[in-house]
Amino acid sequence: MLRIEPRTFRGTRDFLPSELIPRRRIVRVIEEAYRRYGFQPLETPAIEYLDVLTGKSEENDKLIYEIRRARGDAEETAESAIALRYDLTVPLARVAAQYATLPRPFKRYQIQPVWRADRPQPRQGRYREFVQCDADILGTESPLADAEILALTHEVLTALDFEDFRIRLSSRKFLAGLAHVVTGDVRHFGAFCRCLDKLDKIGWDGVESEFQANDIPATAARSLVTQLMATGGESPDFSATRKLVGSNAAALNGLAEIETVYTAALDLGVSRRSLAFDATLARGLDYYTGAIFETVLPGLPHLGSLTGGGRYDGLVATFSKENVPATGTSIGLDRIQTALTQLERFKAEPSETQVLIARFDDAGVAKSLELAATLRRAGVRVEIWYDNDRMKKQFAFADQQQIPFVAVCGPDERERGIVSVKNLATQQQVTVPEADLAAHLHAALATMGK
RNA sequence: GUGGCUGUAGCUCAGUUGGUUAGAGCAUUGGAUUGUGGUUCCAAGGGUCGGGGGUUCAAAUCCCCUCAGCCACCCCA
């Protein structure tokens with residue numbers, strides 16, 4: 001018999017309990033923040049029709065996983081070709097176009113995996129299957145919506161105890177205006193953005209040669225952007241920025257929006273040090289039309305962005321006659337987990353069980369089951385021991401699994417109607433009346449913060 | 001997609017100029033210890049040396065191919 005080698009597909013991972021337990025806690029923090037901001041949940045299928053997913057961003061079409069059946073019976077037509085979703089934004093736009101009954105504004109959050117066929121790199125928090133936590137607001141052009149997305153991002157990262165993070169803010173309109181100012185030609189917009197985006201990686205000399213390679217006046221561009229950077233950052237001087245871009249309408253327009261978003265974000269509680277206006281932020285996804293933002297950790301520069309998003313007022317219209325303005329962000333669960341791991345703040349937790357009821361002897365089985373039932377009804381997370389093993393083995397198990405308490409009910413205890421409860425961390429063992437066991441554990445767990 | 005590095009036990013690794021039956025630590029299981037974990041001691045199990053081909057009397061070791069993993073870039077969450 002041929003044995004199949006057990007393995008996982010490149011860029012995908014199993015989440016064993018000791019990793020999943022703290023990972024789910026992160027998800028809970030994010031979800032609670034989303035709910036506090038008034039977002040409603042949405043889930044969509046992992047599989048979408050290919051034509052729904054493609055054509056939004058040329059670069060990314062190449063990274064879409066198409067699905068091919070191992071034993072396809074019919075030839076796939078363009079309409080029936082299917083693929084794994086690449087992000088959650090495009091499915092959302094599809095949903096917005098497909099259901100006329102959705103409220104406006106429509107605020108939804110969605111926490112689900114997406115798949116991209118690029119090369120995995122764990123140190124950078126990059127995988128082929130990863131979970132995005134998206135929050136988006138459809139149906140308003142108001143900059144307050146963009147500001148609320150920034151505040152939400154700030155709130156989540158703060159709740160996760162990130163001490164130093166930077167939300168970079170810019171605008172597609174502003175960048176388009178800049179590109180026009182520098183090159184006199186809007187067609188250079190894409191190349192202009194890509195070059196600029198590389199600044200923090202390859203420095204100005206590198207960017208200048210990139211500009212030249214793309215027929216963009218390098219010296220002029222460098223001079224303008226250098227000055228822009230001086231007026232931006234964590235305490236931006238927007239009136240100084242305005243003077244630099246002159247009379248270009250798109251640039252002025254975009255800048256005004258940035259300023260409004262920035263100010264409203266501060267009003268919503270975003271700290272100055274965590275928010276920066278950054279003219280070198282470009283972002284790749286082609287569907288962004290207005291404000292764009294992403295979050296990085298200055299302490300972990302090799303890591304990709306923790307969050308990324310922006311305004312995409314034209315996307316829903318690719319599925320509908322109706323044009324629905326939209327803005328939102330994606331928080332990368334795996335990036336967050338990677339960051340916390342590298343900051344040594346992500347601790348493995350093998351079990352959530354609070355008490356193990358040991359099996360002392362056969363005669364005590366019924367009593368143990370009764371105790372377990374009572375405790376479970378009282379909301380305690382309980383495990384029982386199934387086999388007739390020695391105490392040593394049962395305690396060793398509880399220790400390994402970091403189960404805080406072991407309850408033993410042997411002949412002595414049974415005779416007196418009590419239970420011995422040992423706290424494995426303090427090594428202290430007490431006896432409590434059977435009837436008080438739940439109350440005792442609740443109190444003890446509460447003082448331990450569990 | 002481009003470039004580089006690395007593959008030996010579940011994990012981290014050692015293995016001499018190619019030389020007998022491939023080792024260690026950790027982990028696992030059992031015992032020392034039949035009412036109680038972490039320490040200690042003893043023992044055991046666990047290996048297609050990533051896979052295939054080649055050179056050789058002889059390959060974990062040298063050569064070729066291939067697969068996988070990692071790192072940087074690209075891009076992004």
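Here is the naming used below: chain letters follow the sequence lines, and residue numbers restart at 1 for every chain.
Nucleotide rA9(B) forms no Watson-Crick or G-U wobble pair with any nucleotide shown, as no partner meets the under 3.5 Å limit on both distances. The partner of rC49(B) cannot be assigned: no Watson-Crick or G-U wobble pair with both contacts below 3.5 Å exists in any strand. Within the shown strands, rC71(B) is the pairing partner of rG3(B) under the Watson-Crick or G-U definition, both distances less than 3.5 Å. In a base pair of the Watson-Crick type (N1 to N3 plus N6-O4 or O6-N4) or a G-U wobble (N1-O2 and O6-N3), with each distance short of 3.5 Å, rA43(B) is matched with rU29(B).
Contact annotation: Gln124(A) reaches the phosphate of rC73(B) (side-chain N/O to OP1 or OP2, under 4.0 Å). Note on Arg7(A): every side-chain N or O is 4.0 Å or more away from OP1 and OP2 of rC67(B).
Comparing the same atom, C1', in rU28(B) and in rC67(B) gives a spacing of 30 Å after rounding to whole Å. Here the separation of rU8(B) from rG25(B), taken at their C1' atoms, is 15 Å to the nearest Å. Rounded to a whole angstrom, the distance from the P atom of rG15(B) to that of rG7(B) is 11 Å. Across the C1' atoms, rC57(B) and rU20(B) are found 14 Å apart, a figure rounded to whole Å. One C1' atom belongs to rG10(B), the other to rA58(B), and the distance between them is 32 Å to the nearest Å. Comparing the P positions of rA60(B) and rU21(B) gives a spacing of 10 Å, expressed to the nearest Å. For the P atom pair drawn from rA24(B) and rC41(B), the interatomic distance equals 16 Å after rounding to whole Å. rG45(B) and rU6(B) have their P atoms separated by 35 Å, with the value rounded to a whole Å.
The separation between Gln121(A) atom CD and rG3(B) atom C1' is 12 Å, rounded to whole Å. Atom-to-atom, CD1 of Ile336(A) to P of rC76(B) comes out at 19 Å; the value is rounded to the nearest Å. Remark: C1' of rC76(B) and NZ of Lys62(A) are 13 Å apart, rounded to the nearest angstrom. Between Tyr86(A) atom OH and rC75(B) atom P there is a gap of 12 Å when expressed in whole angstrom units. Atom P of nucleotide rC11(B) and atom CG of Asp14(A) are separated by 14 Å, given to the nearest angstrom. Computed from coordinates, the Gln394(A) CD to rU34(B) P distance equals 14 Å when rounded to whole Å. We find that CG of Leu303(A) is positioned 12 Å from P of rC71(B), with the value rounded to whole Å. The CZ atom of Arg10(A) sits 18 Å away from the P atom of rG50(B) (whole-angstrom rounding).
Exactly one residue among Leu437(A), Thr431(A), Asp436(A) makes a side-chain contact (heavy atoms from CB on, under 4.5 Å) with Pro433(A). That residue is Asp436(A). Of the candidates Ile149(A), Leu144(A), Asp146(A), Ile137(A) forms a side-chain contact (heavy atoms from CB on, under 4.5 Å) with just one, namely Ile149(A). Put simply, the residue from Glu383(A), Gln402(A), Gln401(A) that forms a side-chain hydrogen bond (donor to acceptor under 3.5 Å, both in side chains) with Thr353(A) is Glu383(A).
Of the two residues contacting RNA chain B, namely Leu63(A) and Phe395(A), the nearest-nucleotide position lying further toward the 5' end is that of Phe395(A). Both Asp389(A) and Pro411(A) lie close to RNA chain B; mapped to their nearest nucleotides by heavy-atom distance, the more 5′-ward contact belongs to Asp389(A).
A donor-acceptor contact under 3.5 Å is formed by the side chain of Arg335(A) with the base of rC76(B). Side-chain N/O atoms of Lys422(A) and base N/O atoms of rU36(B) include a donor-acceptor pair closer than 3.5 Å.
Across rC75(B), rU36(B), rG37(B), the shortest atom-to-atom separation from the side chain of Ser420(A) is found for rU36(B).
Across all strands, Ala398(A) comes closer than 4.0 Å to no nucleic acid atom at all (heavy-atom distances). Residue Gln427(A) is classed as a base contact, given a heavy-atom separation below 4.0 Å to a base. Using a 4.0 Å heavy-atom criterion, one finds that Asp361(A) contacts no nucleic acid atom at all. Heavy atoms of Gly304(A) sit under 4.0 angstrom from at least one base atom. Using a 4.0 Å heavy-atom criterion, one finds that Gln428(A) contacts no nucleic acid atom at all. Across all strands shown, Gln429(A) has heavy atoms under 4.0 Å from base atoms, whether or not it also approaches the sugar-phosphate. The residue Pro122(A) sits close only to the backbone: its heavy atoms come under 4.0 Å of sugar-phosphate atoms, none of a base. Among the protein residues, Lys393(A) comes within range of the sugar-phosphate backbone only, with heavy atoms under 4.0 Å from sugar or phosphate atoms but none that close to a base. Base engagement by Tyr127(A) is indicated by at least one non-hydrogen atom pair under 4.0 Å involving a base atom. Backbone-only contact: Arg390(A) has heavy atoms under 4.0 Å from sugar-phosphate atoms and none from a base. Among the protein residues, Arg119(A) comes within range of the nucleic acid bases, having at least one heavy atom under 4.0 Å from a base atom.
The 12-atom threshold is exceeded at CZ of Arg376(A), counting heavy atoms of other residues, nucleotides or ligands nearer than 6.0 Å.
Atom CZ of Arg23(A) sits about 10.0 Å away from atom OG1 of Thr341(A), to the nearest 0.5 Å. Here CZ of Arg94(A) is found 10.0 Å from CZ of Arg85(A). Values are rounded to the nearest 0.5 Å.
In summary, the side chains of Asp134(A) and Ser330(A) do present a donor paired with an acceptor at a separation below 3.5 Å, with no hydrogens or angles considered. Glu257(A) and Ser171(A) share no side-chain donor-acceptor pair at under 3.5 Å.
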